[in-house]
Colleague: 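The structure follows.
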Number of protein chains: 2
Amino acid sequence: MSRLRGSVTIDDVARHVGVAKGTVSRVLNNYTDISENTRKRILKAVQELGYQPSATARNLKRGRQDTLGIVIPVGHGNGADPFLAEFIDGIARALDELGLDLLVTTAHSREHLITTLKRLIARRKVDGFIVTRTEVDDPRIAYLMEQKFPFVAHGRTGDPSSYAWFDIDNETTFADGVRHLYSLGHERIGFLGGSLDLNFARQRRDGYRQGLEALGLAHDQDLETLQAISEKGGFKGAQTLLSLDGPPTALLCATDALAIGAVQFCRKLGLQAGSDVTVIGYDGLPVGEYLDPPLTTFSQSAQEAGGRVARMLIDVLDGKSPQSLQALAKAKLIRRASDGAPSMTSEALALALRNRLNQQPLSGSKGE
Amino acid sequence: MSRLRGSVTIDDVARHVGVAKGTVSRVLNNYTDISENTRKRILKAVQELGYQPSATARNLKRGRQDTLGIVIPVGHGNGADPFLAEFIDGIARALDELGLDLLVTTAHSREHLITTLKRLIARRKVDGFIVTRTEVDDPRIAYLMEQKFPFVAHGRTGDPSSYAWFDIDNETTFADGVRHLYSLGHERIGFLGGSLDLNFARQRRDGYRQGLEALGLAHDQDLETLQAISEKGGFKGAQTLLSLDGPPTALLCATDALAIGAVQFCRKLGLQAGSDVTVIGYDGLPVGEYLDPPLTTFSQSAQEAGGRVARMLIDVLDGKSPQSLQALAKAKLIRRASDGAPSMTSEALALALRNRLNQQPLSGSKGE
DNA sequence: AAGTGTCACAAAACCGGTTTTGTAAGTCAA
DNA sequence: TTGACTTACAAAACCGGTTTTGTGACACTT
C-alpha cells in the first residue's frame with residue numbers, strides 16, 4: 001500500500017528559485033521580512049510548479065490537524081439517522097469555508113464509541129470532536145472532559161455546566177406542544193417518548209409534564225409510554241396508549257419516526273389522524289410532508305445546527321472558554337395536517353376502538 | 001489555535017527504557033532483530049506510559065494517510081440524501097476494521113467538487129477517493145484518472161472500462177420491473193426518471209426501454225418523463241403522465257423520492273395507488289414501509305454497497321489493477337402494496353381522471 | 001571611522017515518527 | 001586464532017514542512 005505520490009515539495013520550489021526553503025515558507029505564510037522581488041519570484045515558481053504544501057508535514061510541526069472528528073452511533077436501530085445526514089452536511093459546509101475537514105467514524109456500541117474516541121485522540125488525527133445524541137450520563141463527554149480534549153456537544157447531559165454545547169430548548173418546545181394541543185380542544189394528551197438515557201428524550205418528557213402542569217391538567221402516568229425510537233416503536237406506543245380505558249385524543253411524539261409509526265397504527269384501525277386522533281412529531285423530516293396525512297412536526301434546521309456547532313468548536317480551539325459557548329435554540333411548529341380539533345371525546349374514542357379491535361385483532365406490528 | 005497536547009512520544013519511551021528510538025519503532029513494527037528481553041522491556045514501557053504513535057509523524061515518513069475521502073454533492077436538491085447516510089455508514093464500518101478513517105466533505109457545485117478534490121489531493125490528506133452519484137460524463141473521474149489518483153466509483157460513467165467501480169445492474173433491474181408490471185396485467189407503463197446526466201438515471205431509462213422491447217410492447221415517448229429527483233419532481237411527473245390522453249396504468253419510478261411524490265399526486269386525485277394506479281420506486285428507503293400504501297420498491301443495501309466499495313478501494317491502494325475490480329450487483333424487488341393488477345384500463349383511467357380534474361383543479365404542486 | 005541597526009535571507013533545528021547505515025560483541029568455521 | 005557471519009542494537013538520515021538563529025550588506029548615527 002504505497003502512496004509515493006511524487007508531488008512537488010517546498011524544496012523543489014526553493015531550488016527552482018535559488019533560495020532557502022525557509023524563505024519559501026515565510027513567503028507563503030505572509031511574513032514581512034521578504035523583499036518584494038523575492039516574494040514575486042517565489043510566488044511565480046509556486047504557481048508554475050503547482051506547489052501545495054503537504055498538510056501532514058505542516059501538521060507535524062504545528063501540532064494541529066485542521067480536522068475535526070465526529071463519531072456517529074449506529075446500529076442500535078434501523079439504518080442511518082436522517083437527521084445526522086443533514087447535520088453533517090451543515091458541519092462540512094461550515095468547515096469548508098475555513099479550510100478544515102471532517103473525519104467521520106461510526107461506532108456500534110458504547111465501548112466502541114469510547115475506543116474510537118481514544119484512538120483518534122491518541123493518534124492525534126483530529127483537533128476536536130463534535131458529540132451528538134448526548135445521553136444524560138454520557139461516557140464520551142466524561143472521557144473528553146477528563147482528557148481535556150476540545151469538543152462541542154449537540155445536546156446536553158445531566159450536568160451541562162462546564163463544556164460547550166448547542167441544544168434545542170426541548171422542555172419549552174414540548175410544553176408549547178401541550179399548550180397547542182390544549183388550545184385545539186384536547187384534554188387527554190398522550191406522550192410517546194424514547195429511552196430516558198437519551199437526554200433529549202428525557203427533556204421532551206419533562207417538557208410534556210411541565211406543559212400539563214402549567215395548564216392545570218392532571219398528569220396521568222398511563223398516558224406516557226417509552227419505546228424504541230423507530231417507526232416500530234411508534235406503532236407499539238400508539239397501540240399501548242390507545243388501548244387504555246381512557247385513551248388520549250392526541251399523541252405528542254418525541255420524534256418523527258415515532259409519529260410515523262403512530263399514524264400507521266391509527267390507519268390500521270381506520271382512524272383518521274388529524275381528526276379522530278391527533279399526532280405531532282418532532283424533527284421536521286422532509287418526508288413528513290408526503291405522508292398521509294402530512295405530518296405536523298416540530299422542526300429545527302439540522303444543517304444550521306451542524307454549522308453552528310462546527311463554528312463553536314472552532315471557537316473552543318481558538319481558546320474561548322467553553323462555558324461561554326452554550327446556546328439554546330427553539331424548534332418551530334410546522335403545522336401540516338396530522339393535528340386538529342378532536343372529533344370525539346376520549347370515551348367515544350374508546351368505544352370506537354373497542355369495536356375496531358374486536359372486528360380486527362391486531363397482528364402486533366406491521367410485519368414483512 | 002494551539003493543539004500542544006503534551007502527549008507521550010517515542011523519545012519518551014526510548015529514554016525511559018534506555019534504548020534508541022529506532023529500536024522502539026522496530027519493536028512496535030514487529031521487526032525480528034530484537035532480543036526477547038528488550039522487546040518485553042519496551043512493550044512494558046509503552047504500556048506504562050500509555051504511548052500511542054502519532055499518525056501525523058508516521059504518515060509523513062510513510063507517505064500514506066490511512067484515510068479515505070468522499071466528496072458528497074449537496075444542495076442541488078432538498079436536504080441530504082438518505083441513501084448516502086447509509087452508504088457512509090457502510091464505508092465507516094469496513095474501514096474501522098482496518099484502522100482507516102473516512103474524511104467527508106461536501107460540495108455544492110460542479111466546480112466546487114473538483115476544487116475540493118484538488119485540495120485534498122494536493123494537501124495529501126487522503127490516500128484515495130470514493131466517488132458517488134456518477135454522471136455519464138463525470139469531471140471528477142476524468143480528473144482523478146488524469147492525476148492517476150486512486151479511487152473507486154459507486155456507479156459507472158459512459159466509459160467505465162478503465163477504473164474500479166461497483167454498481168447496480170440498472171438496466172436489467174428496470175427491464176425486470178417492466179416485466180413484473182406486464183405480468184400484473186399492465187400494458188401502458190410509464191417511466192418517471194431523472195436527468196440523463198446522472199448515469200444511473202440514464203441506465204434505468206434504458207432498462208425500461210429494453211424491458212418494453214423484450215416484451216414486444218411499443219415504446220411511446222410520451223410515457224417517459226424526466227424530472228428533478230425529489231418528491232416534488234415525482235408529483236409533477238405523475239401529473240404529466242396521468243394527464244395524457246392515454247395515461248399509463250403503472251408508473252415505474254427511478255427513485256423512491258419520485259415514487260413518493262407520484263403516490264401523493266394519485267392520492268390528491270383520489271386514486272388508490274396499488275389498484276387504480278401502480279407505482280414502483282427504487283432505493284428501498286425504510287420510510288417507504290410506513291407510507292400509505294407501503295411502497296413497492298427495488299432495493300439494494302446501501303450499507304453493504306459502502307462496505308464493498310471501501311474494500312475495493314483498499315485493494316486498489318494495495319496495487320490491484322482497477323480493471324479487475326469492477327462488480328455489478330442486482331437490486332431486489334420488495335413488494336409492499338403500491339403495485340397490483342390494474343383496476344381499470346387506460347381509457348377508463350383517463351375518463352376518471354378527466355372528471356376529477358374538472359371537479360378539483362390542481363394547485364400545481366403541494367404547497368406549504 | 002567605528003559602532004549600531006535594519007533588512008533580507010541562509011542555515012539549521014525541530015516536529016515525531018520510520019528506515020537505513022554502522023558497529024560492538026558473540027559465534028562459528030577453517 | 002583469525003576472518004566471516006550473525007545478532008542486537010545505536011546512530012543518523014529522512015519525510016516536508018515551520019520556526020529560530022545566524023549573518024553579510026548596507027544605511028545611519030555620533
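Below, read A as the first sequence line, B as the second, and so on, with proteins coming before strands; counting in each chain starts at 1. Heavy-atom basis, side chains included; hydrogens, waters and symmetry copies ignored.
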Colleague: So does B:Asp66 get a backbone contact from the side chain of B:Asp127, meaning a donor-acceptor N/O pair under 3.5 Å?
Modeller: yes
Colleague: Just how far, in rounded Å, is C1' of D:dT18 from CG of A:Asp11?
Modeller: 13 Å
Colleague: Report, as yes or no, whether the 6.0 Å neighbourhood of atom CD on A:Gln323 holds more than 12 heavy atoms from other residues, nucleotides or ligands.
Modeller: yes
Colleague: Would you mind reading off the bend of the helix from C:dA1-D:dT30 to C:dA30-D:dT1 from its two end axes, five pairs each, to 10 degrees?
Modeller: 60°
Colleague: Which residues pass the side chain to side chain donor-acceptor pair (under 3.5 Å) test with B:Thr67, sequence neighbours left out?
Modeller: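 Expected list: A:Lys125.
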Colleague: B:Phe129 pairs by ring pair (Phe, Tyr, Trp, His ring centres under 6.0 Å) with which of B:Phe149, B:Phe151, B:Tyr163?
Modeller: B:Phe149
Colleague: Between B:Asn29 and B:Tyr31, is there a donor-acceptor pair closer than 3.5 Å when you use the side chain of the first and the backbone of the second?
Modeller: no
Colleague: Taking only residues two or more places apart in sequence or in another chain, which ones pass ring-ring contact (aromatic ring centres under 6.0 Å, His included) with B:Phe83?
Modeller: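 Once residues adjacent in sequence are excluded, the partners of B:Phe83 under the ring-ring contact (aromatic ring centres under 6.0 Å, His included) criterion are B:Phe87, B:His154.
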Colleague: Might you work through the salt bridge (charged side-chain N to carboxylate O under 4.0 Å, His left out) test for B:Asp318 and B:Lys320, ending with a clear yes or no?
Modeller: CA-CA 6 Å; B:Asp318 281 343; B:Lys320 282 215 187 120; over 6 Å; no
Colleague: Reckon A:Tyr31 has a side-chain N or O less than 4.0 Å from the OP1 or OP2 of D:dT18?
Modeller: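 Answer is no, no contact under 4.0 Å.
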Colleague: Report the distance from atom CZ of A:Arg64 to atom C1' of D:dT18, rounded to the nearest whole Å.
Modeller: 11 Å
Colleague: Any heavy-atom pair between the side chains of B:Ile121 and B:Leu144 that's under 4.5 Å?
Modeller: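 A side-chain contact under 4.5 Å exists here.
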Colleague: Can you tell me if A:Tyr51 touches the phosphate of D:dG17, counting only side-chain N or O atoms and a distance under 4.0 Å to OP1 or OP2?
Modeller: yes
Colleague: Please report the shortest heavy-atom distance between A:Leu49 and A:Val8, naming the atom on each side.
Modeller: O-CG2, 3.3 Å
Colleague: Give me the residues of residues 42-49 of chain A where at least one heavy atom lies under 4.0 Å from an atom of DNA chain C, by number, or none.
Modeller: none
Colleague: Are the side chain of B:Gln147 and the backbone of B:Lys118 linked by a donor-acceptor contact shorter than 3.5 Å?
Modeller: no
Colleague: Under the salt bridge (charged side-chain N to carboxylate O under 4.0 Å, His left out) rule, what do B:Asp11 and B:Arg15 come out as? Steps first, then yes or no, please.
Modeller: CA-CA 6 Å; B:Asp11 275 316; B:Arg15 213 169 311 128; 5.0 Å; no
Colleague: Write down the distance between CG (B:Asp33) and C1' (D:dT6), rounded to a whole number of angstrom.
Modeller: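 Rounded to the whole Å, the gap is 11 Å.
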Colleague: Between atom CZ in A:Arg124 and atom C1' in C:dG17, what is the gap in whole Å?
Modeller: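 Computing the A:Arg124:CZ to C:dG17:C1' distance gives 10 Å.
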Colleague: Please check this pair: side chain of A:Thr56 against backbone of B:Thr56, looking for a donor-acceptor N/O pair closer than 3.5 Å.
Modeller: no
Colleague: Give the residues of residues 53-61 of chain A touching DNA chain C, defined as any heavy atom closer than 4.0 Å, sorted by residue number.
Modeller: A:Leu60, A:Lys61
Colleague: Got a sec? Which of residues 17-28 of chain A come in under 4.0 Å of DNA chain D, heavy atoms?
Modeller: A:Lys21, A:Gly22, A:Ser25, A:Arg26
Colleague: For A:Arg41 and C:dC9, give me the distance from atom CZ to atom C1', rounded to whole Å.
Modeller: 11 Å
Colleague: Mind calculating the distance between CD1 (A:Ile10) and C1' (D:dC14) to the nearest angstrom?
Modeller: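 Checked: the CD1 to C1' distance equals 16 Å.
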Colleague: May I ask you to test the A:Ile130-A:Thr132 pair for a side-chain heavy-atom distance under 4.5 Å?
Modeller: yes
Colleague: For the pair A:Glu135 and A:Arg110, evaluate salt bridge (charged side-chain N to carboxylate O under 4.0 Å, His left out) and give the outcome as yes or no after the intermediate values.
Modeller: CA-CA 11 Å; A:Glu135 298 174 23; A:Arg110 279 173 90 106; 2.7 Å; yes
Colleague: Quickly work out the A:Gln52 CD to D:dG17 P distance and round it to whole Å.
Modeller: 11 Å
Colleague: Taking atom P of C:dG17 as reference, at what distance in whole Å does atom NZ of A:Lys125 sit?
Modeller: 15 Å
